[in-house]
Every structure is written in C-alpha cells, then in structure tokens.
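Everything below concerns the one structure shown next.
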Amino acid sequence: MKFLLVVASLFLFVFLILSATKRKSKAKKLPPGPRKLPVIGNLLQIGKLPHRSLQKLSNEYGDFIFLQLGSVPTVVVSSAGIAREIFRTQDLVFSGRPALYAGKRFSYNCCNVSFAPYGNYWREARKILVLELLSTKRVQSFEAIRDEEVSSLVQIICSSLSSPVNISTLALSLANNVVCRVAFGKGSDEGGNDYGERKFHEILFETQELLGEFNVADYFPGMAWINKINGLDERLEKNFRELDKFYDKIIEDHLNSSSWMKQRDDEDVIDVLLRIQKDPNQEIPLKDDHIKGLLADIFIAGTDTSSTTIEWAMSELIKNPRVLRKAQEEVREVAKGKQKVQESDLCKLEYLKLVIKETLRLHPPAPLLVPRVTTASCKIMEYEIPADTRVLINSTAIGTDPKYWENPLTFLPERFLDKEIDYRGKNFELLPFGAGRRGCPGINFSIPLVELALANLLFHYNWSLPEGMLAKDVDMEEALGITMHKKSPLCLVASHYTC
C-alpha cells in the first residue's frame, strides 16, 4: 500500500512538472522588466513622479519594458524606435483607452475624445473636434481673443513693476480666460460666481488634480470601494457636480439667448455644439452628456497645455541668460516700432519657435501622454503583447534619449537648427503631443497662444530674478499631476524695456 502511494505520488509529481513545463513553453514572450511582488506587482517601483521612475527602470531594463501594476499588465515605451514601430505599423491595435476612474467620471462615461474607446463614436467626436472646433479657420477666428487676453496680461504685469510677479499663476489665468471666451464667450472670472459656488478656474484646477492623483481603482478595479473610505469619491462627486452645474448653466444661457444661432464666424464652442446637436443629418446624435464630454476636452486639455509650456519656457529662459537675450533681440527686431507683437509677426520669430520646441522636448505637458490600451494581441519586435495591455509612452524619456540628443539635459534651442524635427507626431524622437490616431488634436489651438504670450512678455519687459536669487537657485522640480507644472511657482521681476 505504501509502495502504491509512493508510486502515485511520483507520477503526480512528474505530471505537475511536465504540465508546468508545457505551460511555460506556451507562455508568451513579454518584454523584459523588474521582478514583481505578489498581488501588487511593480506598483511600489512607481514613485511620486511616474515618468521619472519609469525612465530609471527603462535605463536598467531597456526601452520597452513590461510591468505588472496591480492587476493591470503594462508596457512602457521609452525610445523613438519602439514608438515608430507602434505608431506606423501597429497604431490601430494601440488606439484603445483604459477606462480610468476619475477620467471616466469627468468625461461623462468616456463621452469625450481623450477617453472614449476607439470606435464609431470616437471617430465622430474627433471629427467634430478637429473639423468644427479646432480647424485652422476656427482657430484663426479666435485671434482677437488671444490678442486681447495677452494685452491684458501685459497690463497686469505693468501694474507690478519692480515687484515679483507669479508667472505660473498669470499663465494659467491667461489660458483659462482664452479657453472660456472661446468656449462660451465669457472669461473665467467674469460674472463672479454666477455659474457655481466657486469660480470656474478653481473648479478646473481641482479637476486636474483629481485626474492626476493615484487612484487604487485604476490598478485594482475590484477595490473601487476604497474610494468611499479614503474620501476620494466624495471629493470627486463634489467637484463633478460643480462642473456639471457650470456646463448646464452655460448651455441654458445659450439656448435662452434669442441670438444663440449666430453667424458661423461668430460662433463660440457651445454655439457650434448646439448647432450640431440640432442637425438631423448628424451620424451619431449628440446628447447633452456628449456636449459636456467634448467641453471637458476643451477645458481640461486646452488650459494646462498652454499654461505649463509658458511656465517652463520662462523658467528655462531665466536660467539661460544667453538664450533669453537672443530671443529678446529677435522679438524686438521683428516688432520694432510697434506697440506690441501681433500674430502676423509670429511667422518671423524663428528663434522663439526653437525655444518653444526645446521647452516641449525637456518639459512635455503630459510626460506619459494619455495612457493607451491594446485592442488585440500583437507582436512588437520579438515580444508578444496581449490584448488589454495598458501602454505608457514616456515622452520625457524619448525627448532626453542620448541616442538621439547630444547633451540631452542641456537647454539648447540651437540644436534644432540642423534638424528637420517638429512636435506634430511625424518625428518620433519628439512626441510632446503624441502621434497616430490618438495624437492630441489641440496643437493648432495651443501653440499660437504660447507663441503670442511669450513674444509679448519678451518684447515689453526685461526679466530678472528676485533680489538675492541666482539662476542656479531656480527650482525646476516638477509637481505631481496629469499635466506637469513646476512644483514651486515661477516668480520673476519685470522692468520696462526702453529702446
């Protein structure tokens, strides 16, 4: 009996070994990556600034690595070569979006372009965004708004000469006002609190914070109940209700206005969306939640992209006096004899464009872009990527890769003089706005404001650090969030430029 028991145990042991070997032989070859812990996987290796933590892991394990973040299989792309293969040959497979907890709520169950899953609705919504709201003609029609708001910014600074001014706050206020006027014809601070208990820019700021915070439900969907205990659900719902009330009010105001159906050249974003909603030939009917979802794209993505680029550009310029001096000389020569820099002058500001390009290389607004998810299994190089794998494109790592950039951490706009490289998704070593089908459609909206604001700041004023500070003292630490602002605001002293 004992002998039979030993033989049976031996057969069972051999069977288990063979089964495990067979399963292992059939296992997919995944990209390399660090060892993972039970249950939580590699979550502890993701620090407060995920793009920096992931860049360190990529330096150790390679440009294409696999991580298990909680229950979510994840691949991280940190090289232009891998990005090129994904966007050129596998873009369709990599065009999905994960349903992130806060993003799903603020996008009205993924009714916007940023978070909508790839499919018919996303294609129709993106068409509306690109052809109706952010077309070249439409963006050009906002020229007067940009000019007025930049002029207002210049006047605000004029009232604080010789005292430190908070460039970070002013840049955010500028972007908010432009976006609000474009969207519904009123600045973010106009009308007091008519649209809610708090002013819109305060609501929007917290929205962006909530989108950037660590959320356990994004890594363990079955543990979303924890958000009820840690207070995140309460904060999320309070902010969402205020944002929703704001949207309802501006839509109602437009519908109640006897002249809301304006000439197309005079339409704001709400006008356009209401017109499309009433169009019986619309392929996918727009409901109110769809309109609000598209508004979330305009407000949440439109403000931070512009303001953070202005903030980082001014930070780099004040740290690099040679570059600042060269940029100012160009702007003042182009606008010589004028009262301000106009949009018609921007095409002549070649060096300023290089400054902005270099700023986007070192400080992409969203360092990991918006996460993607594979819609089917596929093969990248020799690695097999399963369906439903989350994909993070580390644009910071790509933009500072020494294989493509000499002295990659040095702010040197001249590096682009000999390179036909742009940031619109065609050159994979520079991807601040992504590429492919899910690339950011708002580039044409953001860049003119950034160029006009920076040009006028450099034209009107000489800039210096507060007394006692040196260029090396400027804190360049990044803040946690979906968009990468400076952790400490940039405060500079302006003085009038005299010819």
Side-chain angles (χ1 to χ4, degrees), residues 20 22-47 49-79 81-83 85-87 89-104 110 114-119 211-224 226 366-398 434 436-438 482:
K22 187 176 181 181
R23 283 198 302 272
K24 188 173 181 181
S25 66
K26 288 185 176 181
K28 295 180 178 180
K29 184 180 180 182
L30 297 170
R35 295 182 64 181
K36 58 188 179 183
L37 295 172
V39 184
I40 64 172
N42 302 106
L43 268 179
L44 292 182
Q45 291 166 292
I46 308 302
L49 296 173
H51 63 294
R52 298 297 179 190
S53 303
L54 293 174
Q55 188 172 16
K56 289 180 181 178
L57 288 174
S58 293
N59 289 339
E60 184 175 353
Y61 294 97
D63 296 332
F64 193 42
I65 64 173
F66 180 86
L67 302 174
Q68 186 71 35
L69 301 182
S71 63
V72 179
T74 305
V75 292
V76 183
V77 178
S78 300
S79 82
I82 305 295
E85 182 168 352
I86 287 174
F87 293 129
T89 65
Q90 303 276 7
D91 188 41
L92 181 60
V93 173
F94 283 80
S95 291
R97 281 280 193 252
L100 301 178
Y101 193 82
K104 186 176 180 181
C110 301
S114 297
F115 292 110
Y118 184 79
L211 285 168
E213 282 187 21
F214 174 84
N215 194 313
V216 68
D218 290 335
Y219 304 98
F220 300 97
M223 298 180 67
I226 288 180
L368 295 175
L369 306 182
V370 181
R372 299 182 177 218
V373 67
T374 52
T375 58
S377 60
C378 65
K379 196 167 186 177
I380 298 292
M381 299 188 300
E382 70 269 31
Y383 304 115
E384 296 183 50
I385 311 301
D388 297 319
T389 298
R390 192 169 296 177
V391 184
L392 302 177
I393 311 291
N394 195 337
S395 60
T396 297
I398 292 172
R437 290 170 174 81
R438 302 302 299 235
I482 193 169

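Both backbone and side-chain heavy atoms feed into the values below; hydrogens, waters and symmetry mates do not.
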Please tell me if the side chains of [X] and [Y] come closer than 4.5 Å, counting only heavy atoms from C-beta onward.
| X | Y | value |
| --- | --- | --- |
| Val76 | Ile393 | no |
| Ile385 | Pro31 | yes |
| Leu37 | Leu44 | yes |
| Pro371 | Leu100 | yes |
| Tyr383 | Val75 | no |
| Phe94 | Cys378 | yes |
| Gln68 | Pro73 | yes |
| Phe64 | Met381 | yes |

Closest contact, heavy atoms only, [X] versus [Y]:
| X | Y | value |
| --- | --- | --- |
| Arg390 | Pro98 | NE-CB, 3.8 Å |
| Leu368 | Pro50 | CD1-CB, 3.9 Å |
| Gly70 | Leu43 | N-CG, 3.7 Å |
| Cys110 | Pro117 | CB-CD, 4.1 Å |
| Thr396 | Arg52 | CG2-NH1, 3.4 Å |
| Val72 | Asp218 | CG2-O, 3.5 Å |

What distance separates [X] [atom1] from [Y] [atom2], expressed to the nearest 0.5 Å?
| X | Y | atom1 | atom2 | answer |
| --- | --- | --- | --- | --- |
| Leu30 | Ile65 | CG | CD1 | 12.5 Å |
| Ser78 | Asn394 | OG | CG | 4.5 Å |
| Thr389 | Phe66 | OG1 | CZ | 6.0 Å |
| Thr374 | Ile380 | OG1 | CD1 | 10.0 Å |
| Gln90 | Lys379 | CD | NZ | 11.0 Å |
| Lys36 | Leu69 | NZ | CG | 10.5 Å |

Measure from the side-chain N and O atoms of [X] to the backbone N and O of [Y], and report whether any donor-acceptor pair falls under 3.5 Å.
| X | Y | answer |
| --- | --- | --- |
| Ser53 | Gly47 | yes |
| Asp388 | Thr375 | no |
| Thr89 | Glu85 | yes |

Checking Val77, Leu67, Thr74, Leu49 against Leu54 for side-chain contact (heavy atoms from CB on, under 4.5 Å), the one that qualifies is Leu67
Do we see a donor-acceptor contact under 3.5 Å between the side chains of Tyr118 and Arg437?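 Side-chain D/A pair, Tyr118 to Arg437: present.
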One thing to verify: whether Asp91 and Arg372 come together as a salt bridge, which I'm taking to mean a side-chain N less than 4.0 angstrom from a carboxylate O.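 Looking at Arg372 and Asp91, the cut-off is met.
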How about Phe214 and Tyr219: are their ring centroids closer than 6.0 Å? yes
Test log, rule side chain to side chain contact (heavy atoms under 4.5 Å, CB included), inputs Val370 and Arg97: CA-CA 8 Å; Val370 181; Arg97 281 280 193 252; 3.5 Å; yes
